[in-house]
Amino acid sequence: MEVTNRYVVMRNHIDGTPQESDFELKTEALSLSIEPGKKELIVKNLYLSIDPYQLNRMKQKSSSQETTSFARAVKPFEAIDAYGVARVVASGIPAFKEDDLVAGLLTWGEYSIVKEGGLLNKVDNIGFPISHHVGVLAFSGLTAYAGFFEICKPKQGEKVFVSAASGSVGSLVGQYAKLFGCYVVGCASSQKKVDLLKQKLGFDEAFNYKEETDLKSTLKRYFPDGIDIYFDNVGAEMLEAAVENMNTFGRVAVCGVISEYTDKGRRAAPNMVDVIYKRITMQGFLAGDHMKVYKDFISDTVEHIQAGKLQVLEDISHGLESIPSAFVGLFRGDNIGKKMVQLADD
């Protein structure tokens, strides 16, 4: 059987703010059968994760492209891989059978071909929506869990600040921190998001950073006794303000710097005297470095969700054509929670 596979590519390198015109929809004929002896799978994509870090892969050059295979450069008109969930249509790999639900690296398309050795695992659905395996039970969740517990090393009662707190990672970090017994303040880009942080996710306080003209004074207002932990998803001026307000032996988990992705001239310049004399620890990290805590992450997170103690925020667009707008929207702050695209019903 042969189908028409539609997929999205970028038309050119993107070194500034992405636009929908940077992307193009392509089609190809795809046979849904595998030649004898070929060790590969054909899968029908159901959900795809839409993530800001992908922009660094689309640039002409980024230092991130040389650090890990997950961040390798993407060339114009080549397939763009992304994390997602799919259903096996045909298998040339004995470990996978037709109709298996799988999660791993797919492509921005309706179907993907995954070769043996590719990052792909069977999914145990454990009674949750399939979409959870793209976000809260996948790398977004692991990033939040490992970043908070492994990098920040929290103590009960500590004061925690989370930037981009209504996003896929920040929304979970704040909730993990509250469940652990910390005081938590988050920032977001609209009053609607601020209300959600306080009313639905249980943050102690939250503010709209777009309404603040002096972030250093703002953080002083919300943290009169200083910040113990800063979970950074933003970089630039927000990082500078957090460092100025941090307590001695404060910890900064540097997860993302989305404010700097689209502006090559925008860089954080924290007061290094503060870093030295306050003995502040700042550490960048990737979720893949912390697979040792994966079982604990899944166990704890599933328990919290089932008990109704952890709220899952998902922002789902529908159809292949929505991928460019979904991706571009990340850099406008459109999404609330984990951004993903649903390509097909299961």
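Quick caveat, the model's predicted, so the values are computed rather than measured.
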Do [X] and [Y] have side chains that approach each other closer than 4.5 Å (heavy atoms only, starting at C-beta)?
| X | Y | answer |
| --- | --- | --- |
| Pro94 | Lys39 | yes |
| Val293 | Leu142 | yes |
| Val123 | Ile130 | no |
| Ile151 | Arg251 | no |
| Asn56 | Tyr261 | yes |
| Thr248 | Arg279 | yes |
| Cys187 | Met238 | yes |
| Phe207 | Thr218 | yes |

*Can Val173 and Val184 be said to form a side chain to side chain contact (heavy atoms under 4.5 Å, CB included), step by step?*
CA-CA 10 Å; Val173 172; Val184 183; over 6 Å; no

To the nearest 0.5 angstrom, please state how far the [atom1] atom of [X] sits from the [atom2] atom of [Y].
| X | Y | atom1 | atom2 | value |
| --- | --- | --- | --- | --- |
| Leu313 | Gln175 | CG | CD | 6.5 Å |
| Arg87 | Leu101 | CZ | CG | 4.5 Å |
| Ile42 | Lys44 | CD1 | NZ | 13.5 Å |
| Leu343 | Leu48 | CG | CG | 4.5 Å |
| Leu55 | Met10 | CG | CE | 9.5 Å |
| Asp228 | Ile280 | CG | CD1 | 11.0 Å |

Tell me whether [X] contacts the main-chain N or O of [Y] through its side chain, where contact means a donor paired with an acceptor under 3.5 Å.
| X | Y | value |
| --- | --- | --- |
| Arg221 | Leu219 | no |
| Asn245 | Ile227 | no |
| Lys153 | Glu150 | yes |
| Asn247 | Asp225 | yes |
| Asp100 | Val102 | no |
| Asp22 | Gln19 | yes |
| Ser112 | Thr107 | yes |
| Ser259 | Val234 | yes |
| Ser163 | Asn233 | yes |
| Asn121 | Ala103 | no |

*Looking only at side chains, do Ser189 and Lys193 share a donor and an acceptor under 3.5 Å apart?*
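Indeed, the side chains of Ser189 and Lys193 share at least one donor-acceptor pair under 3.5 Å.
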
*asked:* Is a donor from one side chain sitting under 3.5 angstrom from an acceptor on the other, for Glu212 and Asn208?
replied: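 Per modelled atom types, Glu212 and Asn208 side chains form no pair under 3.5 Å.
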
*Please indicate whether Lys192 has more than 12 foreign heavy atoms, meaning atoms of other residues, nucleotides or ligands, lying under 6.0 Å from its NZ.*
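No, because the 6.0 Å sphere around NZ of Lys192 holds 12 heavy atoms or fewer from other groups.
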
_Neighbour count >12 (heavy atoms, 6.0 Å) for atom CD, Glu35_ =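 No, the 6.0 Å shell around CD holds no more than 12 heavy atoms from other groups.
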
_Tell me if the centroids of the rings in Phe149 and Phe180 come within less than 6.0 Å of each other._
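Yes, ring centres under 6.0 Å apart.
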
*Using the side chain to side chain contact (heavy atoms under 4.5 Å, CB included) rule, take Leu179 and Asp300 through it: C-alpha gap first, then chi angles, then the decisive distance, then the call.*
CA-CA 11 Å; Leu179 289 167; Asp300 290 349; over 6 Å; no

Only distances under 3.5 Å count here; give the side-chain donor-acceptor pairs of residues 320-328 to other protein atoms, sequence neighbours excluded, each with its distance to 0.1 Å.
from   : atom 1 : to     : atom 2 : distance (Å)
Glu321 : OE2    : Arg6   : NH1    : 2.6
Glu321 : OE2    : Arg6   : NH2    : 3.3
Ser322 : OG     : His318 : O      : 3.3
Ser322 : OG     : Gly319 : O      : 2.7
Ser325 : OG     : Ser322 : O      : 3.0

Quick one: closest heavy-atom pair of [X] and [Y], and the distance?
| X | Y | result |
| --- | --- | --- |
| Arg267 | Glu260 | CD-OE1, 3.5 Å |
| Val162 | Ala165 | O-CB, 3.6 Å |
| Leu41 | Ser91 | CD2-OG, 3.2 Å |
| Phe331 | Pro52 | CZ-O, 3.6 Å |
| Val160 | Cys182 | CG2-CB, 3.8 Å |
| Leu106 | Ala86 | CD1-CB, 3.8 Å |

_My understanding is that only residues two or more places apart in sequence, or in another chain, count here; which of them pass ring pair (Phe, Tyr, Trp, His ring centres under 6.0 Å) with Phe285?_
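Not a single residue meets the ring pair (Phe, Tyr, Trp, His ring centres under 6.0 Å) criterion with Phe285.
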
*Sequence neighbours left out, what passes ring pair (Phe, Tyr, Trp, His ring centres under 6.0 Å) with Tyr83? Give chain and number order.*
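Checked Tyr83 against ring pair (Phe, Tyr, Trp, His ring centres under 6.0 Å); matches are Phe139.
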
Honestly curious: do [X] and [Y] fall in one hydrophobic cluster under the side-chain, below-4.5 Å linking rule?
| X | Y | value |
| --- | --- | --- |
| Val88 | Leu32 | no |
| Leu137 | Met291 | yes |
| Val243 | Phe231 | no |
| Tyr222 | Leu215 | yes |
| Val136 | Ile316 | no |

*Taking side-chain hydrogen bond (donor to acceptor under 3.5 Å, both in side chains) as the test, write out the residues that go with Asp232, two or more places apart.*
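side-chain hydrogen bond (donor to acceptor under 3.5 Å, both in side chains) list for Asp232, sorted by chain: Tyr230.
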
Regarding [X] and [Y], does a basic nitrogen lie under 4.0 Å from an acidic carboxylate oxygen?
| X | Y | answer |
| --- | --- | --- |
| Lys115 | Glu40 | yes |
| Asp51 | Lys338 | yes |
| Glu237 | Arg266 | yes |

*Listed once per pair and sorted, the side chain to side chain donor-acceptor pair (under 3.5 Å) pairs that draw on residues 301-317, sequence neighbours left out*: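 Every pair satisfying side chain to side chain donor-acceptor pair (under 3.5 Å) with a residue in residues 301-317: Ser131-Glu314, His132-Glu314, Tyr176-Thr301, Asp315-Lys339, Ser317-Lys339.
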
Contacts under 3.5 angstrom, residues 69-81 side chains, donor-acceptor by atom type, not counting sequence neighbours:
from  : atom 1 : to    : atom 2 : distance (Å)
Arg72 : NH1    : Glu78 : OE2    : 3.3
Glu78 : OE2    : Lys75 : N      : 3.0
Asp81 : OD1    : Arg57 : NH1    : 2.6
Asp81 : OD1    : Arg57 : NH2    : 2.9

*Go through the steps for Val341 and Trp108 under the test side chain to side chain contact (heavy atoms under 4.5 Å, CB included), then give the verdict.*
CA-CA 10 Å; Val341 171; Trp108 279 9; over 6 Å; no

*Would you sort out whether Met246 and Phe223 count as a side chain to side chain contact (heavy atoms under 4.5 Å, CB included), showing the intermediate values?*
CA-CA 9 Å; Met246 294 203 79; Phe223 294 96; over 6 Å; no

